There are 2 protein chains.
Amino acid sequence: MTALQMASNHPAPALNARRAWMATQNGPETLRTAGSVVQVAEGREIFAEGEDADVFFKVVSGVVRVCKFHSDGRRQIEAFHVAGDVFGFELSSERTLSAEAVSDCALISYRRRGIETLAQKDESITRQLFQYAMQNLAHAQSHALLLGRRGAGEKMASFLLSQAERSADGRTVHLAMTRQDIADYLGLTIETVSRSLSLLERRGIIVLTNIREVLLKKVDALEDMAA
Amino acid sequence: MTALQMASNHPAPALNARRAWMATQNGPETLRTAGSVVQVAEGREIFAEGEDADVFFKVVSGVVRVCKFHSDGRRQIEAFHVAGDVFGFELSSERTLSAEAVSDCALISYRRRGIETLAQKDESITRQLFQYAMQNLAHAQSHALLLGRRGAGEKMASFLLSQAERSADGRTVHLAMTRQDIADYLGLTIETVSRSLSLLERRGIIVLTNIREVLLKKVDALEDMAA
DNA sequence: CGCTTAATTGATCAGGGTCAATCGTGGTGG
DNA sequence: CCACCACGATTGACCCTGATCAATTAAGCG
């Protein structure tokens, strides 16, 4: 079984034959039939550093982390991708990063070669790909800026605000990832992440309703911290 | 006088036309006549956050820093761009970052609208733009990974190695930028940058021939540190 | 109801920031 | 030509934030 097949303990819905119909309805029309759906269970690897980068992915549902593993055992997370995001673009033919499912995921995989030939016929595909590349670029830049910030508090505030943007009401944040994931994304330790959240709660800026549910009570205070 | 014109105390060499020609010879044929050459003196602003992002640039010669200024006075440098690099791509119509000349620069500026219409006629331009976007993406990702690293030594080692890649022999690094620039790029202070370099020299890993010239004596030692 | 894993909290330590002094270098003018 | 000046870089002393080590609590799951 390959990494991209459904884990046996997670029933594969009979959607594969339907070719990502739901997902592509939200995406560009021209990509509708180009990809195939793939289900990935929580914690499973989607691709690994060093592999051949012959496909890229679009997230239908769930959360994906793209990360780098260092020789000393540390891990850095470059991005969390959610529904609508495209990831796995590579300039080289070899992967420079790994990707794993933070939660159970539905993805569409696109063959690079296939898309390239399609793009030659249809200019709107090229345009779409460019958009996705630019979105990834914008994210990577803002992530670099986030990591360059000094205090742990600044980082947490920025992180919570960016997560809230993805939320419907802009105040309720659902954390699909563990504290360790957050730590590896922010360049902190799990303990510092925990302490930062506790401190924010003690100051009345957030409420931790669940362990994975954060309610932002004072968005402006967070914005001041992240400034 | 606009920020993009040559400072009066820096004589504009009579090379402008030829400079542009040489630059575009290395680049895509189709971009040859699309841009106009611009000279920027050391320290001058190329564009600023909030401005209209109607043009982007290709570096012909010199070094450019792309950076963000924070309300508290701190500065973060997102990238140093050298000859052949393209910078100033934006997803939105408004600049999210600023750009300044680290040294005297020759740039080619391209109008976004103009290029877009050109790209509709010539598919190879689109391809080129995509390549440049992906190069910027790859850089931003590796920069984020760099900033996520723990020790100051690791950061300096990574930085020196990445600078050496741009060098001819891969061992001699010419630092166009100040220590402050390096600090703002690595998320460190000027003192820590200085100390890291001194330590590397005391350990015989590098030699600081000039204040702005570094000779890498033990590349493998640096690679171990950066691992 | 235990068992396992994640998260929180506490105590201590170290790396890098901050403040301050010195050194070095390049440019200017007497 | 050299003395002086200004700015960047280096070096030192001290402090503070976040890492590390360790213990406790909480939460899912069989």
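Keep in mind that what you see is a predicted model, and the values were worked out from it rather than measured. Note on naming: letters A, B, ... go to the chains in the order of the sequence lines (proteins, then strands), and numbering restarts at 1 for each one.
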message = Rounding to an integer number of Å, can you tell me how far B:E201 CD sits from C:dG24 C1'?
response = 14 Å
ask   = When the ring planes of B:F57 and B:F87 are compared, do they come out parallel, tilted or perpendicular, using 30° and 60° as the limits?
value = parallel
note = A correct 5'-to-3' footprint of nucleotides 4-21 of chain D, with B, S and - meaning base, sugar-phosphate only and no protein heavy atom under 4.0 Å, is -----SBBBB----SSBB
task = Can you tell me the distance, in whole Å, between the CG atom of A:L199 and the P atom of C:dT8?
result = 13 Å
query = Do A:K68 and A:E49 sit within salt-bridge range, that is, some charged N less than 4.0 Å from a carboxylate O?
reply = yes
task = Calculate the interatomic distance between B:L186 atom CG and C:dG17 atom C1'; express it in whole Å.
result = 15 Å
ask   = Taking the inter-plane angle between the rings of A:H139 and A:H81 on a 0 to 90° scale, is it parallel (under 30°), tilted (30 to 60°) or perpendicular (over 60°)?
value = tilted
query = CG of B:D184 versus C1' of C:dG16: gap in Å, rounded?
reply = 15 Å
Atom-to-atom span, CE of B:M156 to P of C:dG16 - whole angstrom = 13 Å
inquiry  = For B:Y132 and B:F89, I'd like to know if the aromatic rings sit close, meaning centre-to-centre distance below 6.0 Å.
reply    = no
message = Within the 4.5 Å heavy-atom criterion, are B:V60 and B:V37 side-chain neighbours or not?
response = no
message = Any salt bridge linking B:E51 with B:R95? Criterion: basic side-chain nitrogen under 4.0 Å from a carboxylate oxygen.
response = no
